[in-house]
Amino acid sequence: DIFEKKQESRSPFFRVVELTDDTEDPAEWGKNFPLQYDGYVRTVDMVRTRFGGSEAVLQTPTTEDPRTVTSQSKLDHLPELRRMWAGYAFSKDFREERGHAYMLEDQIFTERQQAAPQPGTCLHCHASVYVPYKKAGDGDLMAGFEKLNPLPYAEARTHVTHPITCIDCHDAVTMQLRITRPGFIEGIAQAKAAEGFSAYDVNRDASHQEMRTYVCAQCHVEYYFKGSEKRLTYPWSKGLKVEDILAYYDEVQFKDWTHAETGAPMLKAQHPEFEMWAQGTHARAGVSCADCHMPYRRAGALKISEHHVRSPLLDVARSCQTCHRASAEELLDRAESIQERHARLRDVALNSLVDLIDDIKTAQAAGTDAERLDAARQYQRKASFYVDFVEAENSTGFHADQEGARILAESINFSRLGQRALMR
Amino acid sequence: DIFEKKQESRSPFFRVVELTDDTEDPAEWGKNFPLQYDGYVRTVDMVRTRFGGSEAVLQTPTTEDPRTVTSQSKLDHLPELRRMWAGYAFSKDFREERGHAYMLEDQIFTERQQAAPQPGTCLHCHASVYVPYKKAGDGDLMAGFEKLNPLPYAEARTHVTHPITCIDCHDAVTMQLRITRPGFIEGIAQAKAAEGFSAYDVNRDASHQEMRTYVCAQCHVEYYFKGSEKRLTYPWSKGLKVEDILAYYDEVQFKDWTHAETGAPMLKAQHPEFEMWAQGTHARAGVSCADCHMPYRRAGALKISEHHVRSPLLDVARSCQTCHRASAEELLDRAESIQERHARLRDVALNSLVDLIDDIKTAQAAGTDAERLDAARQYQRKASFYVDFVEAENSTGFHADQEGARILAESINFSRLGQRALMR
Amino acid sequence: MRRGHGAFIVVMVLFGGLIGLGAFTFVYADGASYMSSDARPCANCHVMRAQYEAWQKSSHREVAACNDCHAPHSSLAAKLAVKGLNGFNHSLAFTTGRFPEPIRITDFNRDVTEGACRHCHDAMVHAIDPVPEEEELSCVRCHVDVGHLH
Ligand SMILES: [Ca+2]
Ligand SMILES: [Ca+2]
């Protein structure tokens, strides 16, 4: 009531407990910041949107996978994906991603773990690794990172306890946003270097508004494991665009796997939300991830950031209307019509890719000469990486609609050129 | 209806001369509205923007073409267009469009007139035809329209004197916006019918904000000449999207010409600014053509609409900044980066189409069976119409960037599928 | 649309006045401030602070305070009535904490504001303003930020 409100506005928060650079348990932080904590724990909620969010799917727990609830399988939703990833772990299990609360268990129990042995590197983005890295490196974050990466996943995971927690994004003393992920610290420095900004130190050089995006870009990015040390690497040394990233992989002659049906040297793209966002209108306009996914919320007299990180389309009023005057219904409709146009074109691109795979198989059976087959396989590698880049990106085109359609157009072109290359 | 509004007209002006529904000469209107007239006459200016505007190109006048200045040739700028239109008048002469002041002379003297005899219908969008139509129809606009359409162009043009003038967009007594073009009156009624709004009368049912777009959509649209009466028709009975329009043409089995190199039954798309705008974000947000192309301008103590209709990128401050907070440089840059991405993809689509044309020619020479050739030609018809739809649209993708890229993606797919259809 | 709501409003206000709580906060939260043409009182509510701070940076800072744009200029009666209604509504909403966020202007108050624009700028804009028969030309479609950012 109103007295309280006049009260509150004078006292932002009470320091109940002392937080240090080693306080990992979010419940501890929650004692000082109950409002943010309440939001944080609600990332267990599972609610669908037309193209995103997540849907609770019940399953009978087994010893390998004790989870009683998971999210819908994208493989069943888009069967073409199995063909695209033939021979790769992703063709076994690939699900709609859900709230942060699940990140650790979903990684531990995905069938992809059985399909192929995974390294400790995986934990970088699925657990609170800041304190564990420091411990493993005797106080040196980078050393700990390098130490855990090569370990077998099962062994590495004994070093971590929580999914993402407060300390992964915040300095415990000042509460300032802070980048804790080696992968991003190195990756963004390379990307900036490509733009001519040398020796970029993100925690020193980034603006406050940039940090509202970078804390998310610690994980919502394309990546690969470099060399036998399985060092986590963000392939940004030539830039963030899809062609820059492909050029990088071609240069270092990297492949994620060999396609089971065609023998093509394949690449897998993963959640390039940051890279796609960077090509979009909102990024142009300086709108950060947090602006939409962690909108401000009034709690009494306080304005706090919504720590229930989720689809903005579940709270259009707070997420969009602060900037857009249109009604909530209208804004939802605008977003969905962008997504719908995108989804239809994505299907065209996936079908084109499947056509190419079919043609290569037929050509192989018919004993077509190696030269043409290799040319076609190179097209498959490109076409597959391009369509995967926008499909793995989780906004169904919203983060950068024109760029998304552009990439799909080029993917279609590569698939069809591959078919053409087999002929003549 | 217009006559009731008469008395309540609020537009303040010094009534120097009496304007009637037959006053065609803009100079007369200019006596009452000198500010708007000043802008109107400045449409003779020729200034380039990065992708639009227009550039003055000097030429030595001849008897067939007495013009001393024209605009740059798009055929030289994009040589693929000659291949795309092989055998059609457009492959002889196609220029960057320029200000309204030139509309009549540019139509009279385009080489396309020599290439093929043109009907009187052409005048509908290149001259002030409101009074001439009424005269020819003894007071009946539609009757006059139907009478002038079938006449040979040379004869029909003797009925007109001016390029577009005030009376083409305004009611002479109330100054209200008014639709005077039969083609649009019938076309928009069909489009609305497709949405379930029957017996739509644009001058009765359109809102004021819609009229700020419709006055432009009288001409900035895709069209064709129906039957031997050469009746001007806007192909909107199935909707405004490119696939709706193609479906319409296929249904009525219309073709603009037969491709000289491949014999395919072709379609030519022309300036679908209105149709593309309708698919874009700005249309969604209710932003009209006049909002950007005729921004308000402070003139002394009055605010008036800029009647110097031109590229908004030549006056970003007035055209964009009232709605967008970003700096003029930044806004210009946003528009141009959309256009640049669009232009690059358009080139991919044009090249794909040329590849298809080459393949069909080779196949014809090699005596490929009719079935495959016809399949390929059908793909050429589609691919060509789709890329042309976006290329003939004059905003270089700005009016609807995602839709523009989507259409180019499908065009590329059609071209490549056409190549594939020739094989096997 | 803008005209002729006065009576209806007065009734609403009287009716509202009977609700003790509302009336109480109306006073407590400095409801009287609604009657002033000074901007500071509006900022009495933290929820109005964003607009207050933005207004201080706006082009209208020197020329128009909150009520110059958010209260009618047509007649004193209508002015007081609307101020009373809003004062009561906002007080009640503020007390119960039940209101949409971000706060959105109501269509009714948008009309009031559109009228305010014309009150001051009529001379300049009546050339571009369509005849009353048609739906109003919306000023804020383009000038939404003149009073404060959104
Ligand atoms: Ca999801
Ligand atoms: Ca032009």
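Hydrogens, waters and symmetry mates are skipped; everything else that's a heavy atom, side chains included, is used. Proteins get letters first, then strands, A, B, ... in listed order; numbering begins at 1 in each.
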Mark yes when over 12 heavy atoms from residues, nucleotides or ligands other than Lys74(A) sit less than 6.0 Å from its NZ; otherwise mark no.
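For Lys74(A), atom NZ is crowded (more than 12 foreign heavy atoms under 6.0 Å).
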Tell me, yes or no, whether the heavy-atom count around Lys192(B) atom NZ, taken from other residues, nucleotides or ligands under 6.0 Å, exceeds 12.
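Buried by this count: over 12 neighbours within 6.0 Å.
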His342(B) side chain near Arg406(A) side chain, heavy-atom distance below 4.5 Å:
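Counting from C-beta outward, His342(B) and Arg406(A) never come under 4.5 Å.
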Quick one: does Arg284(A)'s side chain get under 4.5 Å of Asp333(B)'s, heavy atoms only?
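Yes - at least one pair of side-chain heavy atoms lies under 4.5 Å apart.
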Report which part of [X] has an atom under 4.5 Å of a heavy atom belonging to chain B: side chain, backbone, both, or neither.
X	answer
Ala400(A)	neither
Asp359(A)	side chain
His324(A)	neither

Quick one: do the Arg416(A) and Gln419(B) side chains pair a donor with an acceptor below 3.5 Å?
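Short answer, no.
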Heavy-atom contacts under 4.5 Å, residues 379-389 of chain A to chain B
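Hits under 4.5 Å: none found.
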Check Leu345(B), Ile412(B), Asn413(B) against Asn413(A) for a side-chain contact (heavy atoms from CB on, under 4.5 Å) and give me the one that passes.
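Filter result, single survivor: Ile412(B).
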Against chain B, work out which of Leu417(A), Leu408(A), Thr362(A) has the most heavy-atom pairs shorter than 4.5 Å and name it.
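Max contact count across the listed options: Leu417(A).
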Contact leader toward chain B among Arg325(A), Glu330(A), Glu410(A), where contacts are heavy-atom pairs under 4.5 Å:
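Most heavy-atom pairs under 4.5 Å with chain B: Glu330(A).
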Nearest-0.5 Å distance, CZ of residue Arg420(B) to CG of residue Leu356(A):
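Output value for this atom pair is 10.0 Å.
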Checking Ala285(B) against chain A: side chain, backbone, both or neither under 4.5 Å from a heavy atom?
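For Ala285(B), backbone and side chain are both near chain A.
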Strictly distance-based, threshold 3.5 Å: is any side-chain N or O of Gln402(A) a donor or acceptor partner for the main-chain N or O of Ile338(B)?
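Yes, Gln402(A) side chain to Ile338(B) backbone: donor-acceptor pair under 3.5 Å.
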